[in-house]
Amino acid sequence: MSVLRLTHTALKKITSGRVNSDATCVVKFYSNGCPMCHNLRDYYHDISDSEEYKNIQFYAFNIDTNPEVQDDFGFDGVPTIAVVNTYRGGRVPRVTILPDPDNPNEHTFYKVGDIRSFIEENRDD
């Protein structure tokens, strides 16, 4: 599966419950000026291409376009990974943010195994 870029409008639609499907979505928040975000890109794409995640939608959101998103979702800085579970029938989506690692990778911030574990713990499919 490929990683799709999200606009602010699309992000709001997913996180406000204005979708008509049950889905697990993973969102990587990034910034153009963040070297760790760029270093994490290929690993994130590899995860999205994994057969085990074929039913999960992967997105990337550039916070440079809407910096207030950090406050809206309660995180401070990028890269940040979130799992958003959407539901039919007007149920409020569940948004879970991957906590900052205790021992961050100096190149990518998150470790691939930590991202995979986070997805497994929070997926709804």
Any idea which heavy atoms bring G17 and P93 closest together, and the distance?
N-CG, 3.3 Å
Can you give me the closest heavy-atom contact between A60 and Y30, atom names plus distance?
CB-CE2, 3.7 Å
Under the side-chain contact (heavy atoms from CB on, under 4.5 Å) rule, collect the residues that match up with N105, sequence neighbours excluded.
H107, T108, K111
Residues C37 and S31: closest non-hydrogen pair is SG-N, 3.7 Å
Which salt bridge (charged side-chain N to carboxylate O under 4.0 Å, His left out) pairs, counting each pair once, include a residue from residues 32-42, with sequence neighbours left out?
none
In terms of hydrophobic clustering (I, L, V, M, F, W, Y; side-chain heavy atoms under 4.5 Å; direct or indirect links), are V95 and V27 co-clustered?
yes
Are F29 and F75 close enough that their ring centres sit under 6.0 Å apart?
yes
As a quick check of understanding, evaluate side chain to side chain contact (heavy atoms under 4.5 Å, CB included) for H8 and K13, giving each step before the final call.
CA-CA 9 Å; H8 190 247; K13 184 176 181 180; over 6 Å; no
From T86, N122, N85, residue fulfilling side chain to side chain donor-acceptor pair (under 3.5 Å) relative to T24
N85
Start with the C-alpha gap between N32 and N62, add the side-chain angles, then the distance that decides, and say whether side chain to side chain donor-acceptor pair (under 3.5 Å) holds.
CA-CA 7 Å; N32 289 335; N62 185 346; 3.2 Å; yes
Residues P79 and C34: closest non-hydrogen pair is CD-SG, 3.9 Å
Rounded distance (nearest 0.5 Å) linking atom CG of D46 with atom CD1 of I115:
11.0 Å
When hydrophobic residues are tied together by side-chain contacts of less than 4.5 Å, even through go-betweens, does V92 share a cluster with V83?
no
Rounded distance (nearest 0.5 Å) linking atom CG of D100 with atom CD1 of I81:
11.5 Å
Heavy atoms, side chains only, cut-off 4.5 Å: are V69 and P67 in contact?
no
Treating Ile, Leu, Val, Met, Phe, Trp and Tyr as nodes and any side-chain heavy-atom pair under 4.5 angstrom as an edge, say whether F73 and V84 lie in one connected cluster.
yes
Take F109 and N39, measure what side chain to side chain contact (heavy atoms under 4.5 Å, CB included) needs, and give me the verdict at the end.
CA-CA 9 Å; F109 193 61; N39 294 339; over 6 Å; no
For the residue pair Y44 and F58, categorise the inter-ring angle as parallel (less than 30°), tilted (30 to 60°) or perpendicular (more than 60°).
perpendicular
Pairs involving residues 69-96, ordered by first then second residue, that meet salt bridge (charged side-chain N to carboxylate O under 4.0 Å, His left out) (sequence neighbours left out)
K12-D72, D22-R88, R94-D124
Are any non-hydrogen side-chain atoms of Y59 and I14 less than 4.5 angstrom apart?
yes
When you compare the side chain of S48 with that of Y53, does any pair of heavy atoms fall below 4.5 Å?
no
Under a single-linkage definition using a 4.5 Å side-chain heavy-atom cutoff for Ile, Leu, Val, Met, Phe, Trp and Tyr, are I56 and L4 assigned to the same hydrophobic cluster?
no
Count the heavy atoms belonging to other residues, nucleotides or ligands that lie under 6.0 Å from CD of E106, then report whether that count exceeds 12.
no
ILVMFWY network linking I97 to Y110, side-chain heavy atoms under 4.5 angstrom
no
Judged by atom type as modelled, is there a donor-acceptor pair below 3.5 Å linking the side chain of Q57 to the main-chain atoms of A23?
no
When rounded to the nearest 0.5 Å, the distance separating CG of L98 from CD of E121 is 9.0 Å
Between S50 and I47, is there a donor-acceptor pair closer than 3.5 Å when you use the side chain of the first and the backbone of the second?
yes
Can you tell if the side chain of R123 reaches within under 4.5 Å of the side chain of F118, non-hydrogen atoms only?
no
Flag, side chain of T7 to backbone of A10, donor-acceptor distance under 3.5 Å
yes
Taking atom CG of D114 and atom CG of N103, what is their separation to the nearest 0.5 Å?
9.5 Å
